[in-house]
Colleague: 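Okay, handing you the structure first.
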Amino acid sequence: MELDRRDFLKLTGALTYTIAASGCATSAPTAAPAAAKAAGGKVEVHWLGQASTKLTSTTGKVIVIDPFLTNNPKTPQQYKNLDALGKVDMILVTHGHGDHTGDVRMLAERTGATVLGPAGLIATLVDLGWVKPDKAVRFGKGGRVNPAGPEITITQVRAEHSSEVTVTDAATKKSTTYPGGEPCGFIVEFENGFKLYHMGDTGIFGDMRLIGDYYKPDLVMIPIGGHFVMDPRDAAFVTKTMLKPKFAIPFHYGTIPVLKGTPQEYQQHLGQTSTQVFPISPGDKLTF
Ligand SMILES: [Zn+2]
């Protein structure tokens, strides 16, 4: 088993390098979804701007994390129509802010997906009527859940941030803020053992070292914008000295003016490193 896994990683390392070198970041490989559904296929990571990410597992299970598409200035126009996402099995939500929950309600309604997240956040989303109680999975940091069957494990981990759900009445423009539990990140382990760590919104914290040592993520999706989250210097330090993943995708930058960090700055601060960085654009897909 361990041998298979090492071979797999060696293989994907070479493959993704080829993809990056040939400029995959600017062209969305259209054949990828079909390939991902094939038995023994690959994991597809489709970044849609800010923290919004669609994952397709090797057996075709679809997970959307932090859907914020219809009002996301960086989401490509075609994905502002939620039907373009196709079927969705699970929606994971890291915390209650609008740039992570914006389309949870609509996407859950359209797809019938199960919605998972921090217990306190999910309680509020159920109370607000955004998520049906029978489609809601409340769990806590350190918890492992398998809502799509035993082959995909989702672990909730710490994030250093805040979590509130603010709802603005369309008619009166008055806003009301509800408790959103505690913010989190997610580690998704796929059928083939590949582990993706979606960090959510977070500042730097010491237990990132524990997460790196213990969960050993292959790929991290890491916030770099600053102001509400880590900036490129923090993110580079964390990548290099604490998480040490094989691959990194910087995200949560450039969506609003205060999120100033850039992938170029992140790579400059990283310097020489064994982590391969994919400075992709919203709408781009990668397979691993
Ligand atoms: Zn955010």
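In each ligand, atom 1 is the first atom listed, and ligand 1 is the first ligand listed.
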Colleague: Answer yes when Lys246 and Asp218 have at least one side-chain N-carboxylate O distance shorter than 4.0 Å, and no when they do not.
Modeller: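 Salt bridge between Lys246 and Asp218, a charged N being under 4.0 Å from a carboxylate O: yes.
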
Colleague: Does a donor on one side chain sit under 3.5 Å from an acceptor on the other, for Thr58 and Asn192?
Modeller: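 Checked: Thr58/Asn192 side chains show no N/O donor-acceptor pair below 3.5 Å.
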
Colleague: Compute the ring centroids of His252 and His100, then answer whether they are less than 6.0 Å apart.
Modeller: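 Ring-ring flag for His252/His100: true, centres closer than 6.0 Å.
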
Colleague: Below 2.8 Å of the Zn ion (ligand 1), tally up the protein N/O/S atoms for me.
Modeller: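 Every protein N, O or S atom under 2.8 Å from the Zn ion (ligand 1) counted, the figure is 4.
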
Colleague: Can you tell whether the side chains of Arg158 and Glu160 come within less than 4.0 Å, N to carboxylate O?
Modeller: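 Salt bridge between Arg158 and Glu160, a charged N being under 4.0 Å from a carboxylate O: yes.
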
Colleague: Taking all heavy atoms of Pro147 and all of Met90, pick out the closest pair and write down the distance.
Modeller: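 Scanning both residues completely, I find the closest heavy atoms to be CG-SD, 3.3 Å.
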
Colleague: Quick check: Phe288 with Phe278 (ring centres under 6.0 Å apart)?
Modeller: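 Centroid distance Phe278-Phe288: below 6.0 Å, so yes.
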
